[in-house]
Protein chains: 2
Amino acid sequence: MATKTSSPCPENKQDWLDCLKASGYRLTSPRRAVVETLANSQRALNATEIYDLAREQYPSLGLVSVYRTLEKLEQLELIQRVHHPDGCQAFIAGFTGHQHLLICQSCGKAEFFEGDNLEMLFERVAQESGYQIQEHWLQFFGFCSKCRTDKD
Amino acid sequence: MATKTSSPCPENKQDWLDCLKASGYRLTSPRRAVVETLANSQRALNATEIYDLAREQYPSLGLVSVYRTLEKLEQLELIQRVHHPDGCQAFIAGFTGHQHLLICQSCGKAEFFEGDNLEMLFERVAQESGYQIQEHWLQFFGFCSKCRTDKD
DNA sequence: TTCGTATTGAAACTGATTTTCAATATCATT
DNA sequence: AATGATATTGAAAATCAGTTTCAATACGAA
Ligand SMILES: [Mn+2]
Ligand SMILES: [Mn+2]
Ligand SMILES: [Zn+2]
Ligand SMILES: [Zn+2]
């Protein structure tokens, strides 16, 4: 029985490299470093965080290449931007299908969940407002089990 | 019978000025201009948009004063920041109680709605993920009745 | 009306992101 | 494996939104 929540890490970061390759991009060390860093992360990272983490393995990496790689990964929908009260320039591994984010307010750890059923609400709001509803954003914030334990 | 959706404009922009006054701030022309502009707007506006609109009535207004006034209005919870795929620095008149935004993807017109009932989903996701859920973001995007008509 | 000071707009500054550019690395082709 | 066209690179310069500084001004309590 499959769980309804899932970690953002993709099964295989090779998929990302394959996808970049298939889209006509070259596989370079800077790109590998960024992919590696993001694909291994349990939480959303911004450009500088990726830069700092990736340089531990690949010190000559330039910040500009991080920005350029993020741009491509986002276009290919391998990653997605995460909006947060503290900022909206962090990225996390994307997931297919209809999923939403659950984010730890303490450590930032993110998971995806699915199974929100908002059809009834869509209809009621559409009725009352006259809007034709096309998209929705839903995001939960809380404390992950680890951070709850640490608080004690 | 009260509708469950409502326009973001406050009944009376004088309320905002009173609130600023009550908080120890002086009522100045730049502040009045920003309040006027935001309180009259049906959609979220960023600093530059407010600056441009407000200067039509008050040409000597400085952009710095827009930023400074926004900061105060946000602290007083008279306005709130609106996150959007195209940017997250726009503000709209705030509302009390538990409400969420419905935004037109064409003209930006915003309304608030209430009555989302996510308790069951909170519990299920909390159970499956181990997270203690504290907050949620919910936002709808679509086309307002006017923009739907205009498309025909 | 007076007067202390909160507020102002211009200019300088900051930090994040983008652009430019010459040097380099990738990879399809030989 | 070697070649060569060119996509990609990092450094430096440029841009952009937002913030800080500061002397001049406007608010509003007295
Ligand atoms: Mn959903
Ligand atoms: Mn809600
Ligand atoms: Zn946590
Ligand atoms: Zn509209």
Side-chain angles (χ1 to χ4, degrees), chain A residues 14 16-38 44-76 78-79 81-91, chain B residues 14 16-38 44-76 78-79 81-91:
Chain A
Q14 186 60 45
W16 295 23
L17 299 175
D18 291 346
C19 185
L20 281 167
K21 189 77 179 282
S23 306
Y25 297 116
R26 293 183 181 175
L27 298 188
T28 66
S29 298
R31 285 179 183 158
R32 286 174 199 277
V34 171
V35 163
E36 182 90 12
T37 303
L38 259 174
L45 302 172
N46 66 30
T48 312
E49 290 170 327
I50 294 167
Y51 177 67
D52 290 337
L53 285 168
R55 274 165 62 95
E56 290 174 7
Q57 306 301 322
Y58 184 70
S60 65
L61 175 67
L63 180 56
V64 196
S65 291
V66 175
Y67 281 107
R68 287 189 282 224
T69 304
L70 286 176
E71 190 180 14
K72 287 171 182 58
L73 294 174
E74 189 182 21
Q75 273 165 5
L76 296 172
L78 295 172
I79 61 173
R81 185 178 297 267
V82 175
H83 296 257
H84 192 275
D86 292 335
C88 304
Q89 21 303 138
F91 291 89
Chain B
Q14 186 61 45
W16 294 25
L17 299 175
D18 291 346
C19 185
L20 281 168
K21 189 75 179 285
S23 305
Y25 298 116
R26 293 184 181 172
L27 297 189
T28 66
S29 298
R31 285 179 183 157
R32 286 174 198 276
V34 171
V35 162
E36 182 91 11
T37 303
L38 259 173
L45 301 172
N46 66 30
T48 311
E49 290 169 328
I50 294 167
Y51 177 67
D52 290 337
L53 285 168
R55 272 165 63 94
E56 291 174 8
Q57 305 301 322
Y58 184 70
S60 65
L61 175 67
L63 180 56
V64 196
S65 291
V66 176
Y67 282 110
R68 288 190 282 225
T69 304
L70 286 176
E71 190 179 15
K72 287 170 181 58
L73 294 174
E74 189 182 21
Q75 274 166 4
L76 296 172
L78 296 171
I79 61 173
R81 184 179 298 268
V82 175
H83 295 258
H84 191 275
D86 293 335
C88 305
Q89 8 323 124
F91 291 89

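Lettering follows sequence order; numbering is per chain, from 1.
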Spacing between [X] atom [atom1] and [N] atom [atom2], to the nearest angstrom:
| X | N | atom1 | atom2 | value |
| --- | --- | --- | --- | --- |
| L45(B) | dA17(D) | CG | P | 16 Å |
| K72(B) | dG18(D) | NZ | P | 16 Å |
| L61(B) | dA10(C) | CG | P | 9 Å |
| Y51(B) | dA10(C) | OH | C1' | 10 Å |
| L70(B) | dT7(C) | CG | C1' | 16 Å |

Identify the pairs formed between an N or O of the protein and an N or O of nucleotides 28-30 of chain D at a distance under 3.5 Å, and give each distance.
from	atom 1	to	atom 2	distance (Å)
dG28(D)	OP1	L27(B)	N	2.7

- Does a side-chain N or O from R31(B) land closer than 4.0 Å to OP1 or OP2 of dT8(C), or not?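 True: R31(B) side-chain N/O within range (under 4.0 Å) of dT8(C) OP1/OP2.
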By side-chain contact (heavy atoms from CB on, under 4.5 Å), which residues pair with [X], not counting sequence neighbours?
| X | answer |
| --- | --- |
| L70(A) | L38(A), A47(A), I50(A), V66(A), I79(A), F91(A) |
| T48(A) | N46(A), D52(A) |
| Q89(B) | R81(B) |

- Query: Looking at A44(B) and E49(B), what are the two nearest heavy atoms and their distance?
  - Reply: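 Looking at all heavy atoms of both residues, the shortest contact is O-OE1, 3.9 Å.
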- Message: Quick check for you: to the nearest 0.5 Å, what is the distance between W16(B) atom CH2 and K72(B) atom NZ?
- Response: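 Nearest 0.5 Å value for the CH2-NZ distance: 15.0 Å.
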- Query: Rounded to the nearest 0.5 Å, how far does CZ of R32(B) lie from OH of Y58(B)?
  - Reply: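 The OH atom of Y58(B) sits 10.5 Å away from the CZ atom of R32(B).
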Identify each atom pair where a protein N or O and an N or O of nucleotides 14-21 of chain C are less than 3.5 Å apart, giving names and distance.
from	atom 1	to	atom 2	distance (Å)
dT17(C)	OP2	Y67(A)	OH	2.1
dT17(C)	O5'	Y67(A)	OH	3.0

- Set of residues satisfying side-chain hydrogen bond (donor to acceptor under 3.5 Å, both in side chains) with respect to Q14(B), sequence neighbours excluded: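 side-chain hydrogen bond (donor to acceptor under 3.5 Å, both in side chains) check on Q14(B) returns D18(B).
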Show the atom names and distances, to 0.1 Å, of all donor-acceptor pairs under 3.5 Å that link a side chain in residues 20-30 of chain B to residues at least two apart or in another chain.
from	atom 1	to	atom 2	distance (Å)
S23(B)	OG	C19(B)	O	2.8
T28(B)	OG1	R31(B)	N	3.4

